[in-house]
Amino acid sequence: MKINKSIYLSALVALALTSCKTAQTSYLQDLSALKPIESADQLPTRKSALAESSLQRWSHLDVLKDTVPGMSVDRAYQEIIKDKAGKKVIVAVIDSGIEVDHADLKTQMWVNPKEKAGNGKDDDKNGYTDDIHGWNFLGETNEEQLELTRIVSRGDDGSAEYKRAVKELEEKRAELEPLKARLASMQEVHDKVAKYVKKETFTKADLDKIGADAPADIAKAKNMAYALVSGGKEANEYLKDFAGYVNGQLDYNLNPDFKGRKTGDDIFDINDKIYGNSNVMGDRDHAKHGTHVAGIIAQTRHNNIGGDGVASNNVEIMSVRAVPDGDEYDKDIALAIRYAADNGAKVINGSFGKYFAQNSQWVMDAIKYAEKKDVLIVVAAGNDAMDLNPATGEEIKRYPNDRIEGTKTEIADNFLVVGALNPSFGEKMVANFSNFGNVDVDVFAPGVKIYATVPHGKYEYLQGTSMASPNTAGVAAMIRSYYPKLKAAQVKKIMMDSGVAVNKQVIVSGDKDDKRNFKDISTSGKFVNLYNALIMADKVSKEKK
Ligand SMILES: [Ca+2]
Ligand SMILES: [Ca+2]
Ligand SMILES: [Ca+2]
Ligand SMILES: [Ca+2]
């Protein structure tokens, strides 16, 4: 056997660190002299756009110095953390699967210390065989129905929920008709332009080259075709994604006859819990969402490849695959939360959600179970541009949720819901797609133009409350890494109380006629800030209980 000397060296360093840890109560120096960032009321709207290198890490930029609603991550590293190591925190990503061999992620993947890979045995006797990096509760499934479609397929039981599901299914299918028409007409535009430029497809540069001498119908098609290349990609890629969305809705999401489940378990029996497999990436091409979410938390910092994670040196990522292209099952989510809590996760990220649920109690029970095991659950607020808690009219219940329906009572203190921000202050600060609500949304965090890992070793900008949630989970992991004695409920409170307050009118739902005070659209009225959070964590950790 070839022995690598550096292994011996790193083993020695690890020993030294371990002995240090026992002597310390905290991993950082006294922070009481540092002044937190109080509010962002006075900050001007940025005039100049961020340079590409800054945009790629804008959620790490500073509120004051960079005048963007970033989380002051870089400032926290520079002024507080420096080179101090914290305790490793296991963060479970309940998602679509993670590319575990991505160069910027692979060293941050959690490895189950008591399980041997690939021997067909459940070595640690946790019920799951060969669960090295987590568990895949979906098995071979990629596509699924929406929950409302499942309720319609189940048949008329006379319930109000069934009637609501039938109505929404009809509405959603009707909404697809104009999209189908637009898809067909854009395909025509594509083919016309492609033929004219004598290529299979085209880019923006090809369009720019079409001169004023082009025939009138080509000039018209050229103008329309710019919509196909606005993302910087080739036109046929845009059409492929568009067609994928429309056909996916018709073929499975909204198709009452579609059968997605391939795991062979009884979906209505929560005690039938051993199913799926140990492949936590699933199909690589379907692992984009989970890989991006994991990257936001944990992609390696300052290694000159791709983006930087909020907490890469401080975390191990556990992949729990439970979110298909369609709506997740309550049973999978409940078992995924329990798996994470039972196997050492201290933070769970849940960038998923839905508006119908058949077994929401199982998820509520799992949230309470996670609370008992001191696990913080961070979830996305949803991308439907809705006020979840309107002053008049009916409340909109989104799942998962920690609130008892029809009340403001929460069942646990470990559940934090996150809305999404744009990379600029001012009235357009809230992402136009972000849900909000002064009962069901707790904080905001960066969620537009977020640069992170995607499958095949690549990187992309993506947007969504799905991206705001892992930014927040990364901050939570940092608090738990440097202040491991704080409980999940304390960490939740610190994240909310230490956020940056904004007492200003902002546009919500992308509707310029609907402006609200930012302080009124979440329970905290704030957005997440790592620098502030560490200062508050230092203070709270010194308080007498
Ligand atoms: Ca096992
Ligand atoms: Ca094994
Ligand atoms: Ca990197
Ligand atoms: Ca809540």
Side-chain angles (χ1 to χ4, degrees), residues 53 56-57 60 73 102-108 110-136 273-274 276-278 280 291-292 294-313 318 320 339 342-344 350 353 360 363-364 367-368 371 376-382 388-389 395-405 407-419 435-443 451-454 457-460 474 489 492-493 495-496 522-524:
S53 58
Q56 284 185 359
R57 46 183 302 102
H60 296 208
V73 175
H102 194 296
D104 225 3
L105 280 177
K106 61 183 177 189
T107 52
Q108 277 80 262
W110 173 70
V111 177
N112 183 350
K114 291 171 275 176
E115 184 69 40
K116 282 193 191 75
N119 65 354
K121 283 185 194 147
D122 178 21
D123 302 287
D124 64 349
K125 298 192 170 58
N126 65 354
Y128 299 96
T129 299
D130 294 344
D131 55 327
I132 289 298
H133 298 303
W135 192 250
N136 169 14
K273 57 188 175 191
I274 310 297
N277 62 47
S278 63
V280 296
T291 302
H292 200 265
I296 292 168
I297 302 165
Q299 56 192 338
T300 309
R301 291 178 70 79
H302 303 311
N303 62 343
N304 294 320
I305 55 166
D308 288 344
V310 175
S312 45
N313 283 330
M318 176 192 285
V320 193
Y339 176 90
D342 284 340
N343 291 283
S360 61
V363 180
M364 299 272 256
I367 293 169
K368 278 196 275 192
E371 184 189 44
L376 181 68
I377 304 175
V378 182
V379 305
L388 298 175
N389 313 107
E395 66 174 29
I396 295 160
K397 188 80 186 277
R398 193 169 183 278
Y399 305 92
N401 205 308
D402 62 344
R403 189 165 57 83
I404 297 166
E405 208 147 337
T407 75
K408 287 188 180 181
T409 310
E410 292 181 334
I411 52 145
D413 277 329
N414 64 333
F415 193 81
L416 184 69
V417 183
V418 190
N435 285 349
F436 56 98
N438 60 12
V439 178
D440 281 325
V441 179
D442 296 310
V443 283
Y451 190 72
T453 45
V454 294
K458 294 180 180 165
Y459 300 84
E460 266 184 40
K492 175 186 171 180
K493 193 162 187 309
M495 308 269 301
M496 290 171 60
S522 67
T523 59
S524 72

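Computed over heavy atoms, backbone and side chain alike; hydrogens, waters and symmetry mates excluded. Just so you know, ligand 1 is whichever comes first in the structure, and atom 1 is the first atom listed for that ligand. All values reported here derive from a predicted model rather than from experimental measurement.
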One should read off an interatomic distance between N401 CG and L388 CG, to the nearest 0.5 angstrom, of 8.5 Å
Flag D442 as yes if one of its N/O/S atoms falls below 3.0 Å of the Ca ion (ligand 4), otherwise no.
-> no
What do the steps show when you test K492 against D413 for salt bridge (charged side-chain N to carboxylate O under 4.0 Å, His left out), and what is the final call?
-> CA-CA 8 Å; K492 175 186 171 180; D413 277 329; 5.1 Å; no
Total protein N, O or S atoms, the Ca ion (ligand 1), separation less than 3.0 Å | 6
Within the stated cut-off of 3.0 Å, is an N/O/S atom of E410 closer than that to the Ca ion (ligand 4)?
-> yes
Rounded to the nearest 0.5 Å, the CG atom of N389 sits from the CG atom of N435 at a distance of 10.0 Å
Closest to the Ca ion (ligand 4), which N/O/S atom of D402 is it?
-> OD1
Side-chain donor or acceptor of D130 paired with backbone N/O of S278 under 3.5 Å = no
Within the 6.0 Å centroid threshold, strictly below: Y339 and W135 = no
Interatomic spacing from OG in S524 to CE in M495 - rounded to 0.5 Å | 10.0 Å
For the residue pair Y459 and Q299, establish whether any side-chain heavy-atom pair is separated by less than 4.5 Å.
-> yes
Protein N, O or S atoms less than 3.0 Å from the Ca ion (ligand 3), ignoring waters?
-> D104 OD1, D104 OD2, T300 O, N303 OD1, I305 O, G307 O
Does a donor on one side chain and an acceptor on the other come within less than 3.5 Å for N126 and D342?
-> no
Any sub-3.5 Å donor-acceptor pair from S312's side-chain atoms to R301's backbone N or O?
-> yes
With no hydrogens and no angle check, do the side chains of N343 and N112 hold a donor and an acceptor under 3.5 Å apart?
-> no
Side-chain heavy-atom pair D402, V417 within 4.5 angstrom cut-off = no
